[in-house]
Each structure stands twice: as C-alpha cells, then as structure tokens.
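See below for the structure under consideration.
Chain naming here is simple, since letters A, B, ... match the order of the sequence lines and numbering starts at 1 in each.
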Amino acid sequence: MKMMGYRKKISLLIISSLLSVYASISFAREDIPVQDMHLEMKARDADVLFKKEKYDRSTFPVKLFHEGVRLKGRIEVKGSFTRNFDKKSLKIKLDKGQEWNGQRRIVLNAMATDASMMREWLAWDLIHTLGMAAPRVSYTRLHINRRFIGMFLHIEWIDPNMLARYGLGSDGEFFHPDDSTFCGDLTPKSVSNPERCWFKLSPRDNNFSPLKELISGLEEASIEDFDEFLEEHFDVDSVLNWILVNAITSNGDTYNKNYFIYYSTEIQKWVMIPWDYDLSFGRNWDEYLKYPANILNDNFQYFYPLELGLPNPLKDKLLKNPVLLERLKQKLKGLMGMPVEGYTGTPVWFTPTLMRNRIDTLTAMLVDDLHRERYTIASEQVMREQAVGLKDYVTFRYDFLRKTILETSDWVANRASVHVIKAGDSKSLVDGFGRTLGAVEAISLNGKADINVEVESMSVPVYTPKAINANSCIKRTWFLVNKTPYSNLKVNLSLQYIQENSKLSEIGKKVKKEKALQLWVLYYDQWKKLASTVSPVSNIIETRNFDIKAGRLYRFIACQS
Amino acid sequence: MITLKKFKKIRVLSCTFSTALLLFLISGASQAGGWLRSEGEHRYSAYLQSSSADKSWDRDGNDVNSSCTSKDNSITHEYEYGYSYYRTYFGKVSMASSKCGQDKSSGFGDVYLGVRGRLNLYKNGQAWEAIVIIPTGYDNTKSNRLGYGEPGLELGLYSSRRLNEKSTLTYGGSLRFWAGAPADQFRTKIGWTYKKNKTWSYHANLSGNFSLNNGKESLTPSIDGDFESEFDVIRGEIGLRRSLGKRLSLGAGLFKNLWGRNVSQRDGIFVSLSYVWGRL
C-alpha cells in the first residue's frame, strides 16, 4: 500500500513538472496579442480631452475606424483617482446600432498608476487561465488623428452580455459595490441602505432583495457547514479562484469594492467576477500617509497571508472551513506547479521561471512603444526597474506561499539556511515566516556549502564604518556564515530589507537616496565597501563575485555615504 | 416742513429706489458667471431673498429718510445646462413682491436667457457671458415696478484664481445695455470663497452696479426730471453653504448696500438651494 502511494506521488510529480516545463516553453514563444485602434476627433477636442480639469465629465464626438467603416460615438475620461494623471483612461460609447467587436462601450485603461504597465495584464491573464468569467483584455495602441497616443489596456465592458458568453445567461441579478463608499463587503450592514454601498447593474430596478437574501444566508451559515452553503448558493470555483487571484497578486484593495457578483438564472448560483488589479503584485496602500501618497508610494510587500484585505464573510468563513481551505490549497499548489492530491486540472501559472519569462516578454514588447508615448507615465529606466521588482515579487511571494501555507515551517524568524552544491546553484534564503532574507548564486566553489544567514531587523546597525552615520544606513544587519569546513565559494549575493509602509520601514531616516546605498562588510576588523547595486522597488542590495571562506562570520550593512 | 407734494415725491422716490435695487438684486442672485457645467450636466438653483429699507441715498449720495419702509421679497429660479464642454446655457426668472406703504407690486420680473463660453480651454472659471433680458407682462408704470419693461443685453467677462488649497478669488464685470429709456450699466463683482472641508464653504462678495448715466428720459412716474434708472450701488454679502452629498447644497447669508446713489439703503437675508444632476 505504501509502495502504491509512493508510486502515485512520483507520477503526479512527473506530470506536474512536465506541465510546468511545457508551460514555460510555450509562453516564452507566445506572442502577446496587441491591437491598434484608430480614432478621429476634432483637433481641439483631442487636445482638451487629456488636458482639461480632472473633475470635468464632458464627452466629445469621436469616430472609430473599424473594418473600413467609421463608427460614431462619444469619448470621455473615465475613472476617479486616475484622472489625476496626464495619461487618462478613456471610455468610448458608440451610437446606437453600432458595435465594435460586439460592444458599444469600449474601455481603455491608461495604466498610469503602474509604471511597469504589466500588473493588470498579468492579473487578467491569471484570471483567464483559471477559467473565470471575466472580460477580454488586450494591449491596444491608441492613435488619434493618425497620431500615436500611447499603449492602453482594453478591458471588455462588463455587462450581462459578457456573462452570457460564459453560459451564465444575461437575465440574472447583477451587483457591483460602490467603490467610493467602501462598504460593499457582503455584510448585513452593507444592505441596510443598499443604494449607499451597491450599484444594481441589471435588471435596472431597485430590487436588492436577492442580494439581501444571499447576505442573510452568509451571515447565518456556520463555518463548519460553509462548504455545503457555498455549494448550494455559489459557483464555488469562482469564489476559490477570486481568493486565489487576490492571494497570488497580494491584492488587498478588494472585498469591500473592486468586484462584481452575479446571480445566474442558468446555473442558479452566484458567481464572483474580480476587478481592478493595477495596485497589486507588491504595491502597498499606506494608511499613515495622506492621499495620494497613501496609494502611490515606494512600499513593497509580499508577505501577507491568504486573509489579506478587508473583512468579508464570504472570504473569512471560506478560509476557516477546512474542506474549502484544503481545496483552495490544492488549487494553489497546482498553480504553483507543485504536486497536488489528485489531479485538479489547475494549470501551472505561478512559478518564478514562468513569470520571469512573461515579464521579460512583456518588457521587450512595451519598451518598443514607450518612447513614442504622448503622455509618458515613466521613463524606460523606471519601467525596467518596475519589471525587475515584479520578478523579485514573484520569487518572494512564491517562496512565502510555499513555506507558510503549503509546507511545514519551523516558524523561526530572521534566520535561513541553504545548501549549495554546484556552480550555478541559485538559492533563496527564506526564514520560517516565509520572508526572504536574501539569495546566493554560486559562481564557483570547491565543495558543497551550507550557508546560514541571520538578520537583526528594524534597528540601526550597532557597528558602522567611522565616517558613516548609523542613521544613514538600512536598519538591518545581516550575518552570513559558511558552516561547511574547508568549503570556499564565490557568489553573487543579494540581501533584502523591508519597506512595508511609512511606519514599518528599515530605511534609515537619513537615507535620502535609496539607489546610493552601498553594501559594507566587516572583514576581520576592517570595514570594506563592496561594489553594489540597489533595486529600489523590491528593496534588494546586491554584490557580485563575493568570496565566502569556510567558517568565517561576515557582517553586512547597507549605508549611504 | 414737509408739504404734501414733497411727501408724495419722497414716497415715489422710495419706491423707485427700491425698484432699482430689486432689479439689481434679482439679476445678481446667482453664482459667479465664470463657471461652465460639464457637458450633459444640469443645475437648478433657487434663491429666496427678503430685504427692507427705510432710508435711501439721493442722486448725490446723501441720506434721505423714506416715508415708508419698503419691503421686498423675491424668489429667483435659475437653470444651467452644459450643452457641450465649450458652452453652458442658462436662464433665470424671478417672482417678486415689493411693498412700500400702500404701494404694492408682485409677479414675475424679467426673464434672463444666456450663454457662457470658455476663455481658457483647459481651466474652468474663466468665461465670457452673453445674456438677453426679456420683460414679462408686469406693469412698468407703477412706482415699485418689477422691471423697466424694456429688453436688455448684457455682455460680461469673468475669471477666478485659486489663492491656495482652500481659497478662490473670483472677479469679473459686464456691461448691460437697455433698449428705450433706462440708462446702461456697468456691473462688477469680486468674491472670495473659502472651502473649509467637503461639507462647508463660506463666501464674501462685493458687487457693484454703476450707471453710465445715459438714460434718455425719465421713467414714469416722473419726479422732477430725475432719471431714477441712473443709480449706483455697492453691495456686500456674506454667506455659507453646506453640501449634502454630490448633488444638493443649501446656502444662507446676509447682504447690505454699503454705498449708493439714487438707491435705497437696503439690507436683507437670503437662503438658497442648488441641485445638480446629469454627469456626475
């Protein structure tokens, strides 16, 4: 029996690995679809559209060229916070009787809040990979009066017709939280005055009783029986996938906003549809800063648990129900290319290799048009820094999820060990709480090596070089030792520090320019400055070709001269 | 010693002085003229004013006691519509009642129909304005008439400047031309608005109306050849406004004539209501 179980596990591991390899190869060669959209407007209107005051809601006449025909409609700026940017998100509404790819309403997101211009596309790619009912998304090069304006992200208009395409019918009850009131959290309070917290999108009536009934049921359902409640009332996969997407992308800007909920008369279940992922993949809202810095800042996080985001009974009870939690974990394992119990059919999507390939492909594609953008969001350098930060996020988040949710951890903080076997080995140093302390990449070595790293966190370095003020350092000291006798190696070493929000940050108060940080190592009794580079997005400082001698303790600090 | 003739003259003067101011108050009762609506946006406002005066300034700006206390009440309805990003159309009409001793008038005053356009393509608050004034069927032979009974045309320019995060200064002026007898006018306004928070704002305005002294003949009833359409007045106003959500706001305030010529020394209160709908 034991042998049978063992063989089964090996088979599953092989299948998962093959799927992962196949997926990584196939994506790297895959073209990311990009479309061109040509608009014609009066020159004055085209100019005013991007330069007028942000609160103005005027629309302007526009013509859209499509398959040799000029489709007429009106164009306006869309969004609320994004109106602050020069590059505006747009909405086109075509006149009655005219459609573009089956739609009268066309949304073009400027991606102005995301210098990488990738976060939303990546999130939607994950959502589609999971098979969720979701809008079609594609990069779109926008031209107005034959002039290239910029790269936008077209997101299909969400309406019952879109849902019908997924076999959910178009005559259901369709609701969306009001993003400006932050109270659409599926609690009874949210429906005490439903018009305050919710929009009823269809049918166009004021009947909130289906939603009230659902929320009443959610409130009464016990945690123990929540799996049964969910099976009876929801498309369970849509709920699990929604939470998974938020967990993988670290999207906490939801659960009281930024989603749709639809009761399908076809399947007679409620379906979740996610929304708005521009501030995901490591971005972090800062409650201690005033608007707009609370949204747009340099904070970086990857270590929030599955429960991240505001309370919501659907999420909270699901995560406490053992059956549903186990099902969620198996799906997560599948997405992460790890062996699963039984074949769930979850495609592999979230591995560091796959994601790095995606990000590199997207970077190459987006950089081409970046210099032609009429209203630039960010320079190429900033964009590439964001792309590097994204790749780091993926690695860190993968390790965090694996360590804290899917595997057994020793729950020891600020300490990590790796075993380096050969040149080319690249290992992350992850502590018992899933936090990445750093990484080593072996360049050369004369034998296997056990590398240990410990950190003193959230405190200014006790020892610094003479000329350096401790407050101009990162509030972290790293201690590294190679415990294997007679083992010497040369590595590329990267060390990570925390900048979670303005109160929880290891950046010293006198550090004015993060990129000017340099790594120092205490070498016998001498401080030595190391040639180093900083990735400010993911808070990593790196040095190359560093020699590690067996048994020697190395103390590292990062300071600005 | 006040003779009967003099008494009648004073009473008529009191009433006609109040007419001048009534016209001024009604036509000025609205928001600054520099603001355009978003395309597709509608705004309705109502201003209820009540004022009284028992003194006047004569042609030379001297104090004159009135034989009666003139009391004026009016409600002005105004509607604005953002026809396009570049044009806002608006109209207003007042219902007023004016009483001074035994003399009473009530009914609709003039109708104002106007258009506003942008002087700055990208920034709101800088605009030109053109208004047509259309008399309605009130009796313009009464001493406390509700209007001159003549059509008019007003052309204005307005601007606003943000002083800091919470304060805005608005200023502007217009020329009002009348057909027939009434003297043409130069009108001006300067105002300061302080936005305390999302709910409350306060304002203080100074507005002026200055006659161009080109009245062709005396309006009836004639008073020793006085051209009572030739009047000057500077009015001060303070008020506050409370927003009740995105659409509705309520206001209240006080106003007072601070200086004048050929016009009553009036002070009063107002309350207002404003409702916006359409593109929000």
Inset, instruction - Supply the atom-to-atom distance Ser38(B) OG to Glu76(A) CD, rounded to the nearest 0.5 angstrom. - result: 10.0 Å

Legend entry - Enclosure of Lys200(A) NZ (heavy-atom neighbours >12, cutoff 6.0 Å): yes

Legend entry - Polar side-chain atom of Glu53(A) near backbone of Lys123(B) as donor-acceptor pair, under 3.5 Å: no

Legend entry - Point-to-point distance, once rounded to the nearest 0.5 Å, from CZ of Arg57(A) to OH of Tyr85(B): 14.0 Å

Legend entry - Lys72(A), NZ atom: more than 12 neighbouring heavy atoms under 6.0 Å: no

Legend entry - Neighbour count >12 (heavy atoms, 6.0 Å) for atom CZ, Phe108(B): no

Inset, instruction - Assess whether atom CZ of Arg161(B) is packed by more than 12 heavy atoms of other residues, nucleotides or ligands within 6.0 Å. - result: no

Inset, instruction - Step through the shown structure and confirm whether more than 12 heavy atoms of other residues, nucleotides or ligands are within 6.0 Å of NZ on Lys78(A). - result: yes

Legend entry - Distance, nearest 0.5 Å, that separates CG of Asp56(A) from CG of Leu36(B): 9.0 Å

Inset, instruction - Using the side-chain hydrogen bond (donor to acceptor under 3.5 Å, both in side chains) rule, take Tyr86(B) and Asp45(A) through it: C-alpha gap first, then chi angles, then the decisive distance, then the call. - result: CA-CA 10 Å; Tyr86(B) 307 101; Asp45(A) 292 351; 2.5 Å; yes

Inset, instruction - Measure the acute angle between the ring planes of Trp35(B) and Tyr55(A), then classify it against the limits of 30° and 60° as parallel, tilted or perpendicular. - result: parallel

Inset, instruction - Nearest 0.5 Å please: distance from the CZ atom of Arg37(B) over to the OG atom of Ser58(A). - result: 11.0 Å

Legend entry - More than 12 heavy atoms of other groups within 6.0 Å of Lys51(A) NZ: yes

